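Okay, structure first, notes after.
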Amino acid sequence: MSPSAVSATDTAFTDASVTGASATDLFSRTYAATLTTLAAEFSGERLETWTFDDRATRRQAEAALAERGIAARCRSAYKPLLCAFREEIETRDLLACEVIYPRHPQASEQRFRLESYPLAACYPQVAFRFVAGVCRAALPVYRLRLRYADGRERECEVLAPNRVHDDFTGEPALSPCGWCREGGLAGAAMEEKAAETASGGRALWTAFEALYHDSVSAIRDADWGDEPYFARLEIAVTLPVDDEPLAYDDEVLSLREALHEELYFSLLEVFQRRSGRPPGDRHLQPGQIVPQVRRGETLSVRAVAHAALPQATLPDIPAGDWQAQLSAPQGPLPPAVIEAALAALPGSRFQARSVAGRTLSGCHIAGRDRAVMISAGQHANETSSPAGSLQAAFTLARRPGAHFTLCPLENPDGYALHQQLIADNPRHMHHAARYTALGDDLEYREPARFESTIRTQAEQLSGAQLHLNLHGYPAHEWTRPLSGYVPRGFEMWTIPKGFFLILRYRPGWEAAARWLLEAVTRALAEEAALQALNRRQLAQFNAHAGDDGFERINGFPCWLAVDERHRVPLTLITEYPDETVYTDAFQAAAAAQRATVLAAYEAFQRLPAALLEPDPT
C-alpha cells in the first residue's frame, strides 16, 4: 500500500498520485457490540461492566441479561462519577457531598477532579467539596460522603476503571478503559467495599477501544511518502450511541464527539512523530485529516486517503439576505454571507488563495487614525469571530479617519470543512476543521504562502502596530478519553472558563501592552453579559480544576506574554467559549468579539505616544 504524497505549490492540490489512483483504502472493519456479545455469552449469575456505551444501550443489555436470569449492572467507563450521580446515586434531598477523588502517579493531580466536571453545576442544590485522595488499590476509586436533608449520612464509592499504557506518542498514559466483574455486588454506591471494588474484576477490551486502536494503527503503519502525506484523509465511523445533553450550559455526554477528537489529535501525533518534529511543534503539514463520526446501527470504520481535495464551491444566498444574517446570526455564517458583507465595506481589497483554491479577501480602509489589523477565522471551528469582526468593521467604517484592515475568514478551507461537519453534528467541536487543508496552523507557516499571505499583505498595507486576532475555544468539555483523558498540549482548554484576553508583545513593548489591556478591560467591564458569563463559568472551572492561573485586570482574566514570533509589536487575542453555540448564545459570542474590537481600537488611538516606541531595556 502506498498512499500518494501530494506536492503543495501556490496553486491547488492536483489529482496526481504515486499509485495513479485518486483514493487509497487504508482500513475498514465492523465490530461486534461489546455488551451484545457479553449478554449472549455470559454464563454466570451476576455481572458488572464498565463500557463506552450510552445509557439506553447499557439498560438494554441489563434487560437482555435479566431475561437469562443474570443480575447485571452496566455502567459507563466514560465519566463514571457523573454517570453514577445521573443513574444510581440518590440525589433527591441531597444537601452536601464530599468527593475524595483519586490521584494516580501516571496522571496530573487534578485529572480525576477534572473528570467529575460538570457535576457541581448539574446539582446546584448540593454543596460539593472536592478533596484530593490517593489510589490505595489497583484501580482509581472516588469515595463519597453524602448528607441528606433528613439527617441521613452515607459513605459510598464509585469505581473509575483505567489502564496504564503507551499511547501513540510512545508516552505512558492513564486512560479510562472497559472493565468487567463477575459475581460482584450490583449497585454503584457500595458501603465500605473499597478493597473489593478495586481488586476485583478484569480489563475488558471494548469495541470502542478496539475501533480506535485498530484505525490509528493501520494509518500509522501505512507506507506513506513525503509530507504532505495526502490531500485528505477521511475516517468514516458509525457508532450506535446517542448524545446525552446535561442540564448545564452547552455540556453534553458525547462518545461520538470524544472519538472524533481522539482520532484527529492521535493522527496528528502519529504524523508528527513520522515527520521527526518535536511534540507541540505546529509546522506539521500532513494534509487534511477528517474523522466523520456519525450515529449508526453498527460500530464500523473505513479510512481512505485521497489524492485530491473536494472541489471548492460556495453556496448561493438570496440577494440582500446577508444583512439580516449578520445583524442577528443564528450560528456560523455561511461563507457567501461573509463574502457579501466584506464586499459591502468601503476601502480597497486584497486577496490570497487557499490550498484548495478558495479566494480569501481582505479590506483596507485608510485614514488618519493609528492603523489596526483585524483578523478572524484562523481556527475555523471558532465560529463567532467572522460575525463579530464584520459587525465591528461596519461600525468603525463610519468613524471619521478610521484606519484598519480586516480579513474576516483567514482559513476558508477549514471553514468549508466545518460547514460540512456541522450538517451532521452541529453541536460537536469538530477540531478537524481547526487547521488548514495542509493540516497546519496558518500562523506558524514559514515562509508565508497560500492563506498566510493575507496577513502579510495586511501588515504591509497598514503598517499597523496592533493586531486584533479574534479566537474562540470549546463551549463545553473537551476530552480525549483513550489517550489520558485531558487533551495533551491543550490542558488549559479542557473546560470552559469564560471570556478572557491574551496579549502577546514583542520585547520592549510590555508597558504599552499593559496600558492597552487596562483600557480594554475597563471598557468591557461595562458589558453585563460578559461579566455574568465569567462569574458562572469561572466558578465551575475553579470547583473542578482549581486555580485558573490568570491575572485579573478590571475583573477579566488576562494573560500577558512576550513573544518574538510576530512582526506586529502588539497582538491582542480574544478567547470566547463559542465552539458549538447557536441562536442567543452565538449572538452573545459575536457581540463580545465586536465589543472587544471597538474597545481595543478606541484604546489604541488613546495610547500615549511615548509607549509606541519600544523600551530598549
Side-chain angles (χ1 to χ4, degrees), residues 8 10 227-228 265 268 272 275 277-289 350 352-356 358 360-362 372-386 388-389 405-415 417-418 431-462 464-473 489-490 492-493 500-506 509 513 559-576 578-579 593 596-597 600:
D10 280 355
E227 184 182 332
F265 284 99
L268 276 183
Q272 188 92 340
S275 76
R277 292 184 177 85
D281 185 289
R282 293 198 185 185
H283 296 89
L284 175 71
Q285 295 180 340
Q288 192 172 55
I289 301 171
F350 53 102
R353 295 283 281 179
S354 76
V355 172
R358 293 181 173 89
L360 58 155
S361 300
V372 174
M373 282 173 53
I374 308 166
S375 65
Q378 174 186 327
H379 298 153
N381 67 323
E382 301 165 6
T383 53
S384 67
S385 63
S389 66
T405 63
L406 169 66
C407 180
L409 184 54
E410 290 191 314
N411 181 7
D413 293 347
Y415 202 81
L417 174 59
H418 187 260
H431 278 110
R434 173 182 171 87
Y435 291 158
T436 73
L438 280 177
D440 66 343
D441 191 334
L442 66 89
E443 182 176 294
Y444 293 79
R445 189 178 294 166
E446 297 173 351
R449 60 192 186 118
F450 294 123
E451 301 91 341
S452 59
T453 63
I454 200 79
R455 194 175 288 184
T456 304
Q457 292 178 66
E459 294 172 4
Q460 294 171 347
L461 286 167
S462 67
Q465 293 180 301
L466 172 63
H467 177 198
L468 304 180
N469 191 358
L470 310 187
H471 282 256
Y473 71 100
F490 298 93
M492 71 174 287
W493 307 97
F500 61 96
L501 298 170
I502 299 172
L503 207 158
R504 297 174 183 163
Y505 57 90
R506 290 188 61 80
W509 288 81
W559 189 275
L560 285 90
V562 64
D563 192 329
E564 297 189 60
R565 288 185 304 110
H566 303 292
R567 292 176 294 271
V568 177
L570 298 169
T571 299
L572 179 61
I573 299 169
T574 60
E575 294 291 358
Y576 192 99
D578 66 345
E579 295 174 23
Q593 303 281 17
T596 306
V597 170

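Predicted model only: the values in this text are computed from it and were never measured.
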Quick one: [atom1] on [X] to [atom2] on [Y], what's the gap to the nearest 0.5 Å?
| X | Y | atom1 | atom2 | value |
| --- | --- | --- | --- | --- |
| Leu470 | His379 | CG | NE2 | 12.5 Å |
| Thr453 | Arg445 | OG1 | CZ | 9.0 Å |
| His418 | Arg434 | NE2 | CZ | 12.5 Å |
| Ile454 | Gln378 | CD1 | CD | 13.5 Å |
| Thr571 | Trp509 | OG1 | CH2 | 11.0 Å |
| His431 | Phe490 | NE2 | CZ | 7.5 Å |

Look at the aromatic rings of Tyr444 and His283 and report parallel, tilted or perpendicular, splitting at 30° and 60°.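 Tyr444 and His283: perpendicular rings.
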Please check: side-chain N/O of [X] versus main-chain N/O of [Y], any donor-acceptor pairing under 3.5 Å?
| X | Y | result |
| --- | --- | --- |
| Gln593 | His471 | yes |
| Gln272 | Pro278 | yes |
| Asn381 | Ala432 | no |

Side chain to side chain, [X] and [Y], heavy atoms closer than 4.5 Å:
| X | Y | result |
| --- | --- | --- |
| Asp413 | Glu451 | yes |
| Thr405 | Phe350 | yes |
| Thr574 | Ser385 | no |
| Asn469 | Arg455 | yes |
| Val372 | Leu466 | yes |
| His566 | Arg504 | yes |
| Asp441 | Tyr435 | yes |
| Leu570 | Gln465 | no |

Glu443/Arg565 salt bridge by N-O under 4.0 Å criterion: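 So Arg565 pairs with Glu443 through a salt bridge.
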Considering all heavy atoms of both residues, which atom of [X] and which atom of [Y] are nearest to each other, and what is their separation?
| X | Y | result |
| --- | --- | --- |
| Leu268 | Gly439 | CD2-O, 4.3 Å |
| Gly287 | Pro228 | N-CB, 4.1 Å |
| Gly472 | Asp578 | CA-OD1, 3.3 Å |
| Leu360 | Arg353 | CD2-C, 3.8 Å |
| Thr456 | Ala448 | OG1-CB, 3.6 Å |
| Cys407 | Ser361 | SG-O, 3.5 Å |

Stepwise, does the side-chain contact (heavy atoms from CB on, under 4.5 Å) test hold for Ser354 with Thr436? CA-CA 8 Å; Ser354 76; Thr436 73; over 6 Å; no
Pair Glu459-His467, side chain to side chain donor-acceptor pair (under 3.5 Å): steps then yes or no: CA-CA 9 Å; Glu459 294 172 4; His467 177 198; over 6 Å; no
Could you go through Leu438 and Arg449, starting from their C-alpha distance and side-chain angles, then the distance that decides it, and tell me whether this counts as side-chain contact (heavy atoms from CB on, under 4.5 Å)? CA-CA 11 Å; Leu438 280 177; Arg449 60 192 186 118; 4.1 Å; yes
If you count heavy atoms of other groups shown closer than 6.0 angstrom to CH2 of Trp559, is the number above 12?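 Incorrect, the count does not exceed 12.
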